[in-house]
Amino acid sequence: MSHSKVRVRFAPSPTGPLHMGGVRTALFNYLFARQHGGDFIIRIEDTDSQRFVPGAEQYIIDSLKWCGIAPNEGLTSDGKVAETIDANNPHAPYRQSQRKAIYRQYAEQLVNVGYAYYAFDSAEELDGLRKQAEEQKENFTYNYAIREKLRNSLNPAISQEEMAQRLKETNNWVVRFKIPENREVKMHDLIRGDISVHTHTLDDKVLWKKADDLPTYHLANIVDDHLMQISHVIRGEEWLPSLPLHYLLYEAFGWQDSQPHFAHLSLLLKPDGKGKLSKRDGDRLGFPVFPLQWTSPEGEVSRGYREDGYFAEAFVNMLALLGWNPGTEQEIFSLEELTRLFSLDRVIKSGAKFNPDKAKWFNQQYMKTKPDSALATLYQPILRQHDINASDDYVARVCGFIKERATFINDFWDLSSYFFVAPTSYDEKAMQKYWKPETPEQMQKLHSLLAGAQLFEKEHLENLVHQWITDSNYNMGAVMNAFRLCIVGASKGPSMFEIITLIGKEETLKRLQASPKGE
RNA sequence: GGUCCGUUCAUCUAAGGGUUAGGAUUCAAGAUUUUCAUUCUUGCCAUAGGGGUUCGAAUCCCCUACGGACUACCA
């Protein structure tokens, strides 16, 4: 297993939107590649035309791009999957449907060396056998135990002539791998250590199908990983049961020396209950499971982290810590830091239940550190939706005040509408608590006081008002909260003097005049 | 059913034979604040069970239980 250079791949199937677990797999591949100065390749495994979903491939690419996970091989300069055969790049194309011509010879090669054979069993026949076995509480395994009794080229009852004719004249035959008899397959996983499986439990998997001239996942995957000189296969745990077959395939081809190292990542689990995280859980519990919003060909819309207001950095940071940690107590990492610190031997073996609360917390952490001007840029489109036209500078100052109160950009309007429009209603609970019979008169006096203020500046006003409250023997909390109610309409927000200096004297006086309950 | 993988607070996890089993999220209480939020302090909460090995086990071994993945001419 010698590779001079680290080369890893992310090999999604365009059968739907990329799930956050898939993003995590891509992320770990990316981090590993970058850390070792290697290549991170994207390859599209679209050998199943039945399950192909239009738009899914572009969705995957867009998602990775949003996350900042950039493949350095497999995409063209304009961000499309490289599909032409390029003399300068022996590894292209990167879409398996366009590599169709490559696979058949490898399937035949295995037949020639006795590691594979032709099979003609119909789907119905096999289904029947499986059902029958199930009824008898037995296991149906298509391998050396029974293969000679089934319809294939290893069955002595089928003549050479008949076989040759079938191969030539019919389309419903496949190439099956011939699982070696009575052997213990010993494997190694970078995360899980040594694993071993006996071949009697393994199926003679279909490698290639004449019906559509296409390989199945197993063949295409091994052939492409070999041809693309992949050094490490980092993929989801759902592939672990196929690992023995993949080992055997490398062996059958005689590629053991260049066989990649394997690392199987644990799954992302539902926040509650049991099982792996699915789209349904997001709908049920109210969080996205996809990086970007996705509209299915049928028009069904699934929410995305981006559209929900998550920062890509926060999303990636959260994902990185699901199943990995650097062993320190640090939790906030940039992609650069992750690249430096990542290591496969600190990847957790057990599945991680996804915690939506923690995801929010990560976003909040990033929110606090974002520059006001950057937040203003994100907030402006939302303001325009509310017919607000405000200068970037003004919006940036508002963002500065509210960002520590918000988790998402989408929270901003609720938290700051009063910076742009006067309150149209007043929070009931706060009214009960702070609006007393003597309040209207106090607000009237405050109005006069502020109207007379020469300098409408924060510190000056603060001194002025505090002095007035003290001199009048008023209760500080009572007056200030009533004041807040007039200006904000609720019991929330930053310092009153910050607010009024920002909205200005005229607006402040207007809102005091229009105080609650028509007083 | 079979095969494989896994199991430390409710959740994410640290502790690679010796710690009062640490941190974070959530929740609760308190402090700060004119309010909300932030921040700070404190609290609640865990080694699945049983056997070994050892002076000593969350850590190594075995069994049990539980969980998960896979079991297609899908990936």
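Predicted model, so just to flag it, every value in this text is computed and none were measured. Convention: sequence-line order gives letters A, B, ...; per-chain numbering from 1.
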For this session: Assess whether side-chain contact (heavy atoms from CB on, under 4.5 Å) is satisfied between A:Phe10 and A:Leu64, documenting all intermediate values.
Result: CA-CA 11 Å; A:Phe10 179 57; A:Leu64 295 184; 4.1 Å; yes
Seminar exercise, completed: In Watson-Crick or G-U wobble terms, with both distances under 3.5 Å, the base opposite B:U35 is none
I'd like to know if [X] pairs up with [Y] as an ion pair, taking the criterion as any Lys NZ or Arg NE/NH1/NH2 lying under 4.0 Å from an Asp or Glu carboxylate oxygen.
X	Y	answer
A:Arg43	A:Asp225	yes
A:Asp213	A:Lys100	no
A:Glu251	A:Arg183	yes

OP1 or OP2 of [N] versus the side-chain N and O atoms of [X]: is any pair under 4.0 Å?
X	N	value
A:Arg346	B:A15	yes
A:Arg192	B:G6	no
A:Lys368	B:U39	yes
A:Asn325	B:A14	yes

Exercise. Rounding to the closest angstrom, what is the interatomic distance between B:C60 and B:C5 at atom P?
Worked result: 15 Å
Exercise. Rounding to a whole Å, what distance do you find between A:His246:NE2 and B:C4:P?
Worked result: 17 Å
Exercise. Quick one: A:Leu415 CG to B:A37 C1', roughly how many Å, whole number?
Worked result: 9 Å
